[in-house]
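Below, read A as the first sequence line, B as the second, and so on, with proteins coming before strands; counting in each chain starts at 1.
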Number of protein chains: 2
Amino acid sequence: MIAVSEPNAPSNKNCPHNAAINCTSCRLSAICLPLALAQDEIVQLDEIVQRGRPLQKGQHLYRENDTFTSIFAVRSGAVKAYSVSDSGEEQVTGFYLPGEILGMDGIGHNRYASSALAMEVSAICEIPFANIEDLSGKLPNMQKHFFKLLSQEIVEDQRHITLVSKHTAEERLASLIVSISARNARRNLSPLKFRLPMSRTDIGNFLGLTIETVSRVFGRFAKQGLIEINKKELTVLDIEALKHIAALGH
Amino acid sequence: MIAVSEPNAPSNKNCPHNAAINCTSCRLSAICLPLALAQDEIVQLDEIVQRGRPLQKGQHLYRENDTFTSIFAVRSGAVKAYSVSDSGEEQVTGFYLPGEILGMDGIGHNRYASSALAMEVSAICEIPFANIEDLSGKLPNMQKHFFKLLSQEIVEDQRHITLVSKHTAEERLASLIVSISARNARRNLSPLKFRLPMSRTDIGNFLGLTIETVSRVFGRFAKQGLIEINKKELTVLDIEALKHIAALGH
DNA sequence: ACCGCCAGTTGATCTACGTCAAATAGAACG
DNA sequence: CGTTCTATTTGACGTAGATCAACTGGCGGT
């Protein structure tokens, strides 16, 4: 699925898109799949992980209804998942940042239930699912971790259902900002100053809002001094206020 | 968690709430957990399944934040799962009918992320998760089946996100009716005439609508000759029309 | 440097559904 | 059998956010 790097590609250890690294040396290992594994288990994981050449912005990692083969970890960049219903409308189902795992919606029916698209140049690790099943049979830690991962996605999705079905536009957007901020913090990036990798259209679609409403709410937040926003560059000025809005039930 | 039946309880094989049955003889085995298992594997599953005395209407099977111990299969009756957010509002996250599995949202953080409440007298099978992990390590079929189950719930939840964030009240309600109809068909019950186990309030909450809107849409569907509804007794008169409405993207 | 294009902003109006309020109808209870 | 309580229906009105429309500002291409 992922194109393999040329054998003679330059091997720059400092480039974040570089494929010539392994899980042990990857600086995301603390938050990514190796999280739950012991040293010697990570070695076994490393053997089945495939690291390909970076995806360009706009390229697909996989498409809805493709035969399910692998799950993926984002190493750098940002990916969105979306599905298109019978009736033709698009639904963005998630944004994936470095260290996060996607593709698990394909397990259930052996086909991906969504498409995954790089929102910027992204390096991806591919892990064939057959190997994961195999390894999970041998390593209880691995099995446990995958059960957890899947379950956590269920909980997240249910939270998202609450968000879009019971919360106002301001609460939804505040919630997204807080979520991205927290995920950046986990990766030791600034939780208060970052670039939103997704378009207004994607944000609106994800949150069940129109792009006009997203734009207006950003405007209101800026006017209230909660954020500064310039195109995709976001500075959070009052994270507590945003958390408060996000947690509000009206 | 489930109260065990008295040892001297009468053992009436014909009673659907009866605990004195096993997976092999259970008429739901074709659609429930044993679905993916071989004969001899079902025997192993049987050994870990605990069958308790029926839950009365309004009783909880587990509560949000309880320590996660088991997943559950509905044998008869109907259960709703719901969670209460920080801000205090309730979100119904699912309805579970006989043959369906609930509690998997607890795996991720070792606590249930929702509460489960019997909407009518319900018989429940409890399966301790530690045993499932154990068995999954030994039986690849079992492991595979659980990965699938979890993944399918993710896909369902994502569909539900689309439903509540992009569809009209009529589309949402039609979709629910079609879903329950299909699930009844799977259990060899009439797909066209059945009792809705949940209140209008639950329906509204699940679909992100107020109870007034639910009531009005039921009324409209009845006036259009698509259904007949009397309190909770529903007769579907034109399932194709409902499917068409449910699939519509506006 | 000019053009064309897309992403985003801003404003004016519209509408599906929420909110509030009142009426009705079972079930549950003594 | 009335009485109370709760679930549901029905009606009148209000509103958050959608829709429609016009404008603005980067940015890639030549």
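- Nearest approach of A:Leu173 to A:Val214, heavy atoms of both residues: CD2-O, 4.0 Å.
- More than 12 heavy atoms of other residues, nucleotides or ligands lie within 6.0 Å of NZ in B:Lys232, so this atom counts as buried by the packing criterion.
- Atom pair B:Leu173:CG and D:dT9:P shows a separation of 11 Å (rounding to whole Å applied).
- Phosphate proximity of C:dC17 to B:Thr210: absent, as no side-chain N or O sits under 4.0 Å from OP1 or OP2.
- A straight line from NZ of B:Lys166 to P of C:dC17 spans 15 Å, rounded to a whole angstrom.
- The NZ-P distance, from B:Lys223 to D:dT9, rounds to 13 Å in whole Å.
- Distance, B:Glu170 CD to C:dC17 C1': 12 Å, rounded to whole Å.
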Under 4.0 Å protein heavy-atom contact, by nucleotide of nucleotides 7-15 of chain C - B base, S sugar-phosphate only: SSBBBB---

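- The closest side-chain donor-acceptor pair between A:Glu89 and B:His167 falls under 3.5 angstrom.
- Atom pair B:Arg220:CZ and D:dT10:P shows a separation of 12 Å (rounding to whole Å applied).
- Applying the ring pair (Phe, Tyr, Trp, His ring centres under 6.0 Å) test to pairs two or more places apart or on separate chains, none has a residue in residues 208-238 of chain A.
- To the nearest angstrom, P of D:dT9 lies 14 Å from CZ of B:Phe221.
- At the heavy-atom level, B:Gly204 lies nowhere under 4.0 Å from the strands shown.
- The aromatic rings of A:Tyr62 and A:Phe72 lie parallel to each other, their planes meeting at an angle below 30°, with 60° marking the opposite boundary.
- Rounded to a whole Å, the NZ atom of B:Lys57 is 10 Å from the C1' atom of C:dA27.
- The line from CD1 of B:Ile31 to CD of B:Glu100 is 7.0 Å long, rounded to the nearest 0.5 Å.
- Distance B:Ile203 CD1 to D:dA7 P: 14 Å, rounded to the nearest Å.
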